[in-house]
Enquirer: 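First, the structure itself, so that you have it in front of you.
Within every chain, numbering begins at 1; the chains are lettered A, B, ... in the order of the sequence lines, protein sequences first and strands thereafter.
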Amino acid sequence: MVSEQPVISFRKVSKIYQNGTVGLKDIELDIQAGEFVVIVGLSGAGKSTLLRTINKMHEISSGELLVNGVSLAPLRGKKLRALRREIGMIFQNFNLVKRVSVQRNVLSGRVGYYPTWKSVLGLFNPADKKRAVAALQRVNLAEKIYARADELSGGQQQRVAVARAFMQQPRIILADEPVASLDPLTTTAVMDDLKNLNQEFKITTIVNLHSVPLALKYADRIIGLRAGRLVYNKPIDQVATQDFAAIYQEEEK
Amino acid sequence: MNQVPERTFMQKYHLKGIGWTIIFILLLFLSSVMTEVNWGEFFSNLGQFFALLGRMANPDWQYTNIVVQPIIETIQMALLGTTLGTLVAVPFAFLAARNLVKSPLVRGGIRFFLNLVRTLPDLLLAALFVAIVGIGPTAGVWTLAVFSFGMISKLFYETVETIDSGPIEALQAAGANRVQIIAFAVVPQVVNNFVSYFLYTFEINVRASTVLGYLGAGGIGVFLQRSLSSFRYDQTAVIIIAILLVVVVIDGLSNILREKLL
Ligand SMILES: Nc1ncnc2c1ncn2[C@@H]1O[C@H](COP(=O)(O)OP(=O)(O)OP(=O)(O)O)[C@@H](O)[C@H]1O
Ligand SMILES: [Mg+2]
């Protein structure tokens, strides 16, 4: 069987925080191009930690982590930024700049492609301005382009954040509990946005979720973490509902 | 487990708070004893004070014409000094902010330097600059620039440290470099506070610059000193009224502006 090179590859990856907390322990995991992977697990299981090692917002302590076949460990400065601009990230708290316009927020997803002086002066190419409009149209918020970000509802802010990530023309999108603070209707909207981008542009997508029904609905593959260890890893057609009991089992003390 | 912890003896009777209060009162008492402040003398000399007020009660309004020019010069000095100081303070503030510069060495060095600048009293600075650039408003501008720099850089970096770190994280994750992070995620969060602090410092500088003239650093203070030393209290009265007017107007304006900003 000829398998393609995985987009993301964890090889015996461990992460120990400075204070000694074990974030990740011996993770072995390959993620293929275009997959929609959902990570589940109890609070503190290491979901956010795992996600943040992929764009090197967190450094790993041992093992090797490859993205597009390139090891992250030696990446610094310009090379690291070049990697990051191809990885979109979505946060639970949206992380928009509240006092500026939606347009500028979306465009800020593009700065990694610009020389410093040009971006600081706000000299974005007409093509990128068009791209920002198109990104907002995708998430149904084109009419809010000149509104200040803090005038939007939480759900709308998260959709702007999705547009910002899409601006990066990313190969990978990482979403850390993107719908944790949203109502069911906007939850569906945001998850649909992510799924559409995933299917249309083959963007490899990894999402941390706390909701089992959502995981079952959107995932191609479900990964379970418990106390920093990978305890579950199955494609969606092999997932049984009762499996989750084991993932969500409390660690015996 | 899951119990409210016992408070220690210290916490229970607020010994720390009480202790500090006692120390403070003791210090007050000691200072007044050691500096030999004679409260009786202060009050017995009040008579002299009222005599002076009486002589100032008839301002020489003719003098107003002469005062206008130096008053404007004073405001210009304050504006120039504050602007210069602020421009230099901005990069230092970013370098001193804990959430932007991770290296404690860089931050520590910058902060040490800023603390050093802030320990210089403005009158000492004025004396220094009068000695360096000579008598005149230039000395005043330099004095106010250095003074503003010390004050603004601290106000600014403390503001930067209070911002929401979410946007910084988002920009960093999108591959932005340090300057881009500052421009896109930090500046929009602090710009209103920065302008407000600029105005506040400008207010202070207008007040301070009236005194600087005393040391020969230009502005209205020169005239204040002249009138006092020639016992022309009728002129002094005009100057004081003029200064009061300007300070009140500028304070008012800047307060209105700052309220709009925040
Ligand atoms: N910066 C940090 N320093 C020290 N320990 C940390 C840090 N960040 C996370 N941890 C610890 O690492 C472990 C994993 O945390 P992580 O945030 O990855 O969990 P999570 O699965 O995302 O949880 P949640 O569902 O609550 O978001 C936890 O025990 C947490 O306390
Ligand atoms: Mg988390």
Enquirer: What option among S119(A), A82(A), G88(A), P170(A) has the most heavy-atom pairs under 4.5 Å with chain B?
Expert: S119(A)
Enquirer: Check whether more than 12 heavy atoms from other residues, nucleotides or ligands sit under 6.0 Å from atom CZ of R171(A), and answer yes or no.
Expert: no
Enquirer: Can you confirm whether L123(A) is buried at CG, in the sense that more than 12 heavy atoms of other residues, nucleotides or ligands lie under 6.0 Å from that atom?
Expert: yes
Enquirer: Where does N55(A) contact chain B at under 4.5 Å (heavy atoms): side chain, backbone, both or neither?
Expert: side chain
Enquirer: May I ask you to test the S108(A)-L171(B) pair for a side-chain heavy-atom distance under 4.5 Å?
Expert: yes
Enquirer: Can you name the side-chain hydrogen bond (donor to acceptor under 3.5 Å, both in side chains) partners of D150(A), sequence neighbours left out?
Expert: R148(A)
Enquirer: Does the side-chain contact (heavy atoms from CB on, under 4.5 Å) test come out yes or no for E169(B) and M57(A), once each step is laid out?
Expert: CA-CA 9 Å; E169(B) 197 186 11; M57(A) 295 295 278; 3.6 Å; yes
Enquirer: For the candidates E86(A), K98(A), M167(A), R52(A), which exhibits the highest count of non-hydrogen atom pairs separated by less than 4.5 Å from chain B?
Expert: R52(A)
Enquirer: CZ of F112(B): more than 12 outside heavy atoms within 6.0 angstrom?
Expert: no
Enquirer: What closest approach, in Å, do A174(B) and G109(A) show between heavy atoms, and which atom pair accounts for it?
Expert: CB-O, 4.4 Å
Enquirer: So what's closer than 4.5 Å to chain B heavy atoms on K78(A): side chain, backbone, both or neither?
Expert: neither
Enquirer: Apply side-chain contact (heavy atoms from CB on, under 4.5 Å) to residues F184(B) and V97(A) and explain how you reach the verdict.
Expert: CA-CA 8 Å; F184(B) 281 81; V97(A) 185; 5.8 Å; no
Enquirer: Name the member of R99(A), M89(A), R110(A) that forms the most heavy-atom pairs with chain B at distances under 4.5 Å.
Expert: R99(A)
Enquirer: May I ask you to check whether over 12 heavy atoms, not counting those of Y200(B), lie within 6.0 Å of atom OH?
Expert: no
Enquirer: Say you draw a straight line from OG1 of T116(A) to CD1 of I182(B); how long is it, rounded to the nearest 0.5 Å?
Expert: 11.0 Å
Enquirer: Is the side chain of N95(A) donor-acceptor paired with the backbone N or O of G166(B) at a distance under 3.5 Å, no angle test?
Expert: yes
Enquirer: Under 6.0 Å from the CG atom of L128(B), do we count more than 12 heavy atoms belonging to anything else shown?
Expert: yes
Enquirer: Looking at Q180(B) and Y114(A), would you say the former's side chain and the latter's main chain have a donor-acceptor pair under 3.5 Å?
Expert: yes
